[in-house]
Amino acid sequence: MKLESVTVELRLSTKPDSKVKAFADVTIPLGEDGTITVLGFSVLETEGRPARVMSPARKGKQAWFDTVQLNGRIRTLVDAVVLDEYERKTQDKE
């Protein structure tokens, strides 16, 4: 799968003091079988650390739990696409 084939709809956070800087929905093509869209990725950025992508999650009684787990090359690909779009949108904003 190529980087260009995965699409991202990214929305910047409206809360400037939040660690969550953006929210993203990612669409992954599955060839002739269609596509899969995963909603709810987030981009976290804290002082002294580079931006990172977090999987969609839900809050349990005591902790947060991922609702989607991506492993291997697909995780690397999704992280790269989301961070590229985040960088593009934050550059446009400046």
Side-chain angles (χ1 to χ4, degrees):
M1 182 175 300
K2 295 181 183 173
L3 195 65
E4 307 84 43
S5 60
V6 176
T7 58
V8 176
E9 182 180 318
L10 187 124
R11 298 162 309 283
L12 295 175
S13 175
T14 57
K15 299 177 182 177
D17 296 335
S18 176
K19 291 179 185 179
V20 178
K21 301 299 182 187
F23 302 94
D25 302 332
V26 178
T27 301
I28 303 167
L30 301 174
E32 293 178 10
D33 295 325
T35 62
I36 185 168
T37 300
V38 182
L39 309 173
F41 285 93
S42 56
V43 177
L44 271 63
E45 193 170 23
T46 55
E47 197 171 311
R49 293 187 67 185
R52 65 188 190 278
V53 178
M54 301 300 291
S55 289
R58 65 178 173 83
K59 188 170 173 119
K61 290 184 179 184
Q62 297 178 352
W64 286 87
F65 298 93
D66 288 347
T67 56
V68 173
Q69 289 185 337
L70 301 176
N71 298 303
R73 288 181 51 209
I74 192 67
R75 177 63 195 217
T76 304
L77 181 69
V78 167
D79 285 356
V81 171
V82 171
L83 290 174
D84 286 350
E85 183 67 7
Y86 174 69
E87 289 297 322
R88 188 183 72 73
K89 287 237 178 165
T90 54
Q91 292 296 327
D92 289 350
K93 192 176 175 183
E94 294 173 0

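Reckoned from all heavy atoms, side chains included, excluding hydrogens, waters and symmetry mates. Residue numbers start at 1 and run along the sequence shown.
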Checklist entry - Got a second to check how far Glu85's CD is from Thr7's OG1, nearest 0.5 Å? => result 10.0 Å

Please report, to 0.1 Å, the donor-acceptor pairs under 3.5 Å made by any side chain of residues 24-36, with sequence neighbours excluded.
residue	atom	partner	partner atom	Å
Asp25	OD1	Gly40	N	3.1
Asp25	OD2	Arg11	NH1	3.3
Thr27	OG1	Thr37	OG1	3.0

Checklist entry - Can Val82 be reached from Ile74 by stepping across I, L, V, M, F, W or Y side chains whose heavy atoms are under 4.5 Å apart? => result yes

Checklist entry - What's the shortest heavy-atom distance between Leu39 and Pro56, and which atoms? => result O-CG, 3.2 Å

Checklist entry - If two hydrophobic side chains count as joined below 4.5 Å and joins carry through other members, does Val43 share a cluster with Val68? => result yes

Checklist outcome for this item: Members sharing Met54's hydrophobic cluster, built from side-chain contacts under 4.5 Å between Ile, Leu, Val, Met, Phe, Trp and Tyr, are Val20, Phe23, Leu44

Next on the checklist: I'd like to check the salt bridge (Lys or Arg N to Asp or Glu O under 4.0 Å) partners of Arg75; sequence neighbours left out, ordered by chain and number.
Outcome noted: Asp79

Checklist entry - After noting the C-alpha distance and the side-chain angles of Leu10 and Leu12, does the key distance pass the side chain to side chain contact (heavy atoms under 4.5 Å, CB included) rule? => result CA-CA 7 Å; Leu10 187 124; Leu12 295 175; 4.0 Å; yes

Item to check | Minimum-distance pair of heavy atoms, taken over all atoms of Ala22 and Tyr86 | outcome: CB-CD1, 3.9 Å

Next on the checklist: Before you tell me yes or no, could you show the steps for Arg52 and Thr46 under side chain to side chain contact (heavy atoms under 4.5 Å, CB included), namely the whole-Å CA-CA distance, both residues' side-chain angles and the distance that decides it to 0.1 Å?
Outcome noted: CA-CA 9 Å; Arg52 65 188 190 278; Thr46 55; 4.2 Å; yes

Next on the checklist: Please check: side-chain N/O of Ser18 versus main-chain N/O of Lys15, any donor-acceptor pairing under 3.5 Å?
Outcome noted: no

Item to check | Nearest heavy-atom neighbours spanning Phe41 and Val53 | outcome: CD2-CG1, 3.8 Å

